[in-house]
2 protein chains.
Amino acid sequence: MGKAVSKKGEQPSVDKTNFETLNGFTGYHLKRATNLMMSDLNATLKPFELRLLSYTALVLVVDNPRIRMSQLAAAMDVERPNMVVIVDALESRKLISRQRLETDRRAYALNITLAGRRLYEKATVAVRAHEERLTRQLDTQTREKVIEAMKLIQKIGELRTHETYN
Amino acid sequence: MGKAVSKKGEQPSVDKTNFETLNGFTGYHLKRATNLMMSDLNATLKPFELRLLSYTALVLVVDNPRIRMSQLAAAMDVERPNMVVIVDALESRKLISRQRLETDRRAYALNITLAGRRLYEKATVAVRAHEERLTRQLDTQTREKVIEAMKLIQKIGELRTHETYN
DNA sequence: AGATATTGGTTATCAATCATAACTAATTAT
DNA sequence: ATAATTAGTTATGATTGATAACCAATATCT
């Protein structure tokens, strides 16, 4: 630590910013990288008129036929009212369908439509390319190690659930 | 009230959600873990009446005496107008000070005050504990590997600069 | 030099995001 | 049957982050 500064002894304000402390934080690097990936992801999804949440919903409906809205909301960690608008948008584009459940007539079963599946497939190709682009520098082993690490962090978080949340 | 635990197996609709596709995405895991860490960080900072951005500003002012607001804004990747309110808040709590630069009387030099430094130190102890808590499962080597990986991702992002952003 | 452009900081405003309250209809529990 | 819960919905509010327009000071241009 301690950069060789001091040409004048006391006036670094115009030089490169010192990130010494922040660089010591894992969370800092995590957030910067994630912000970047999310920006790039949204740019990637824009041509399909999808955004992070609508794409995620699409994916989960594909992977979970007949999923209910509340289950989807829980899976995505969004409040139900917000889920409604996401589902509304996807349904109005005929990418997914709502079907009343016979067994519980309050609820809807969500299903992917043919158009939805096609869009899902195209978008997912783009998303995989985006992932590849942004993690190209990481060898496969590192990538797996990162994912494992993220899972561990999440596991820890689940323990102290929502008690200290804001 | 309490836990609505039914003795019998619940509805079939409650089966586990399938995250197959999402689990294949590095960005997905990155975002989940980061969200968690940021929630926990904000909870950690709350007792000090700081939030992510105000704490970050405090840290950068400590590490960069006489930094200018615009440089701080650039370092934090926030728009200048938003920087103003953050700096206003910190200044009104006498944690940092604004001093007109003699060399450029448009700009301010930001400096940490004694109170600011004390708060910074207390908060940083708490932040380090928070980091330790959330990354406890990761051995030192893994932690370093993760940080390296995040730096690489950022480096890639810097190439395709802001052209494809939102 | 004097006109012009640019920069640092500011104010006001606006859009996007996310959470909360309250409601209906259907279901479950007492 | 009555009460309590749950799924989905509507309306609304708080918070965040971005944009436009402005003033004062500095830098640029010819």
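All heavy atoms count here, side chains included; hydrogens, waters and symmetry mates do not. Chain letters run A, B, ... following the sequence lines, proteins first and then strands; every chain starts at 1.
More than 12 heavy atoms of other residues, nucleotides or ligands lie within 6.0 Å of CZ in B:Arg143, so this atom counts as buried by the packing criterion.
Of the candidates A:Ile153, A:Val146, A:Asn35, A:Leu30 forms a side-chain contact (heavy atoms from CB on, under 4.5 Å) with just one, namely A:Ile153.
Residues A:Tyr108 and A:Arg68 bring no donor and acceptor atom of their side chains to less than 3.5 Å of each other.
D:dA27 atom C1' lies 10 Å from atom CG of B:Asp104, rounded to whole Å. Atom CZ in A:Arg98 sits about 9 Å away from atom P in D:dG8, given to the nearest Å. In this structure, B:Arg100 places its CZ atom 18 Å from P of C:dT7, rounding to the nearest Å. Following rounding to the nearest Å, B:Tyr108 (OH) and D:dT26 (P) show an atom-to-atom distance of 13 Å. Taking atom CG on A:Asn35 and atom C1' on D:dT16, their separation rounds to 13 Å, with Å as the unit. In this structure, CZ of A:Arg80 is placed 14 Å from C1' of C:dC18, rounded to the nearest angstrom.
Scanning atom types as modelled, one donor and one acceptor separated by under 3.5 angstrom connect the side chain of A:Arg106 and the base of D:dT6.
At a threshold of 4.0 angstrom between heavy atoms, the contacts of B:Leu52 with the nucleic acid are absent. Across all strands shown, A:Asn82 has heavy atoms under 4.0 Å from base atoms, whether or not it also approaches the sugar-phosphate.
B:Leu119 is listed as a side-chain neighbour of B:Leu50, based on a closest heavy-atom distance under 4.5 Å.
Closest to the side chain of A:Met69, from the set D:dG8, C:dT11, C:dT27, is D:dG8. Of the listed nucleotides (C:dG9, C:dA16, D:dA18), D:dA18 has the atom at the smallest distance from the side chain of B:Glu79.
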